[in-house]
Amino acid sequence: MTDITQQFPSNDDFNRVAKLNNYYNVFKGLHSKVFKLKSYFEEDTKKKTLLYLAYNVGQIISLTAADFLFGEQLKIQTNEPEKEKPMEGKINTIIQNNYLDEKLYQSSVIQDVAGFTIFVVRQKDKTAVIEEIPYDNYYPDFAGVRLGEEARQVVIASYVDIVNPKNQKKETFLYKQIHKLLDGKGKIAHELWTTTPDMKQSQVTELALFSTDLPAEEDTGLDYLPVFQIDNFKTVKERFGISTYESVMNLFEEINDRITQISVQLIKHLNAKVAVGEGVLSKKGEMDSSQDIFLVEKGDIVPQYITNSNALIEEGFKQIEGLIRQICTVTQTPMTFLGLEDKGGVEKVETAKLRMAAFLKKIKRKQRSYEAKLIDILKTALFFEGSKKFPDNVDISFTWDLGLPRDLFTEAQTHQIMVESGIESVETAIRELKGFEGETLQNELEKIGKQNEMSQAQMDSARKQIPDISL
């Protein structure tokens, strides 16, 4: 049981989650929950207008990164012999049963927004369950742990509304799943707490109120915590990964200010005013709006709307575009994804890759962070499904597809040169070019081998049978 006298969540935890919630609200376009909005009054002080425009720049940046990272299915393989791949088969079963492809895509969005994502692996009915944990449910305890080391205890906490049988009223409880290491053995404790008005734990209560199936404590059989934090990017000085938004929040606020200022100018046009000459007005000083024709005496003012010709409005839009470009530069996101590039026509694949070099390097960095933790996640899942020891001679590899268009002609020429130079096999070339694996790859190699066994005379005879279609 955790220490009752200790405040949970701590003020530092609340502050950390509040900061991450700001990033998530920017992702959702809910700027009103992040930035201070400006309220303006008409001159008569009778009308108050709250001006705000939701922006989706953050969402485009994060979804684009996720699309390139997991938009195409990630291929996970082992180096086992082609005919028998027991571990790869088990891994594929775990991936399918847990809908891991979809979870990885969703997690990559949060990783970009919050700076990290969390996966937990647990056992249920002798099968492995892989779950993504929301960042505001994740409370690692770094007490006595040096920077760069993993936490020795992690609390997965969530608020649940339960009807209290004592008073038959719905109340908010705090359910805590506590992962910890005791004498090198992994354990999971389950606790249910009542909460204070400010949503902190108060007193431990009966776990059966939440679930009658959960034990107070269970052994994992592991010598580590099955909780995996996948960081966006971070340094050794950081406990958590750094959000993509952290360095551009001031630019988001600048955009919010510019649009607010422009909206103030445009809102004034809703109550349009007209400049008229004295001869157009009635004796009461009013203009008859039902008239289609007005007689204007010589030298009098022609009726016309008063327009706002403030040059700063156009300048404001230029500033907004400039701020968006700055955000894209800092976050390594090509302007093309926001539709602000003026490039037209067909672009060669290599040219596109050069233009997107910084962005593609960012994606590569994300791939490395996922690969390192995915191996641990899959090995833990295999452990819970009965494979207690992963074979030392088996490696797990990942094949990523960014979804970029391919220049097959250039690729074929490159592989041809490498094969003829003796630095690559035909098998590798076929695998890279066509994506064949296993039996399909072997069948293709056999067909190629039979073609190469044909004598020159057979080849000449085959060519003669091809009709001449030249003009």
Side-chain angles (χ1 to χ4, degrees), residues 70 73-80 84-108 110-111 116-135 137-141 150-158 175-191 207 210-231 369-398:
F70 291 113
Q73 187 175 27
L74 174 62
K75 188 181 292 184
I76 303 176
Q77 298 171 298
T78 65
N79 62 342
E80 297 170 287
E84 296 182 2
K85 288 198 168 190
M87 300 309 294
E88 185 174 313
K90 292 179 180 179
I91 288 172
N92 288 330
T93 300
I94 289 171
I95 292 172
Q96 293 172 6
N97 291 343
N98 285 277
Y99 303 98
L100 192 57
D101 289 320
E102 183 178 351
K103 289 179 180 178
L104 288 174
Y105 178 88
Q106 295 171 357
S107 72
S108 66
I110 292 297
Q111 187 210 42
F116 61 91
T117 186
I118 310 99
F119 280 95
V120 170
V121 186
R122 61 184 177 87
Q123 188 181 49
K124 181 179 180 181
D125 300 330
K126 296 184 179 180
T127 60
V129 178
I130 303 174
E131 299 174 316
E132 184 191 3
I133 302 300
Y135 61 80
N137 289 180
Y138 175 63
Y139 300 92
D141 184 0
E150 300 284 344
R152 297 192 182 98
Q153 178 172 299
V154 174
V155 178
I156 307 298
S158 56
Y175 165 63
K176 296 169 65 176
Q177 185 184 108
I178 306 166
H179 294 259
K180 53 189 175 182
L181 287 174
L182 292 177
D183 299 325
K185 297 181 179 179
K187 295 183 179 295
I188 304 176
H190 302 275
E191 297 177 358
L207 182 63
F210 174 65
S211 173
T212 56
D213 298 328
L214 289 174
E217 188 174 87
E218 57 183 313
D219 295 325
T220 63
L222 301 168
D223 57 2
Y224 59 90
L225 303 183
V227 182
F228 305 94
Q229 177 182 312
I230 306 177
D231 295 308
S369 67
Y370 265 94
E371 285 182 4
K373 294 297 184 178
L374 273 175
I375 290 176
D376 294 336
I377 290 171
L378 293 172
K379 286 183 177 180
T380 304
L382 287 167
F383 179 89
F384 285 143
E385 296 211 345
S387 300
K388 301 299 182 183
K389 173 124 175 87
F390 193 83
D392 294 331
N393 61 337
V394 175
D395 296 322
I396 300 175
S397 62
F398 303 89

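Remember, it's a predicted structure, so these values are computed and weren't measured experimentally. Values below: all heavy atoms of this structure, side chains included; hydrogens, waters and symmetry mates excluded.
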Are Y370 and F70 close enough that their ring centres sit under 6.0 Å apart?
yes

Does atom CZ of F390 have more than 12 heavy-atom neighbours from other groups under 6.0 Å away?
yes

What residue pairs, at least two apart or across chains, pass salt bridge (Lys or Arg N to Asp or Glu O under 4.0 Å) with a residue in residues 386-395?
K389-D392

Which atom names give the shortest non-hydrogen contact between [X] and [Y], and what distance separates them?
| X | Y | result |
| --- | --- | --- |
| P86 | E80 | CD-OE2, 3.1 Å |
| F384 | V121 | CE1-O, 3.5 Å |
| L382 | K90 | CD2-CB, 3.6 Å |
| A151 | P140 | CB-CB, 4.0 Å |

side-chain contact (heavy atoms from CB on, under 4.5 Å) with L182: which residues, sequence neighbours excluded?
K180, K187

Spacing of L100 atom CG and E102 atom CD [to the nearest 0.5 Å]:
10.5 Å

In Å, rounded to the nearest 0.5 Å, how long is the span from CD1 of I130 to CG of L378?
6.0 Å

Is there a side chain to side chain donor-acceptor pair (under 3.5 Å) between Q229 and Y138 once you walk through the steps?
CA-CA 10 Å; Q229 177 182 312; Y138 175 63; 2.8 Å; yes

Taking salt bridge (Lys or Arg N to Asp or Glu O under 4.0 Å) as the definition, give me every residue that meets it alongside R122, ordered by chain and number, with sequence neighbours left out.
E131

Show your reasoning for whether salt bridge (charged side-chain N to carboxylate O under 4.0 Å, His left out) applies to K373 and E150.
CA-CA 13 Å; K373 294 297 184 178; E150 300 284 344; 3.5 Å; yes

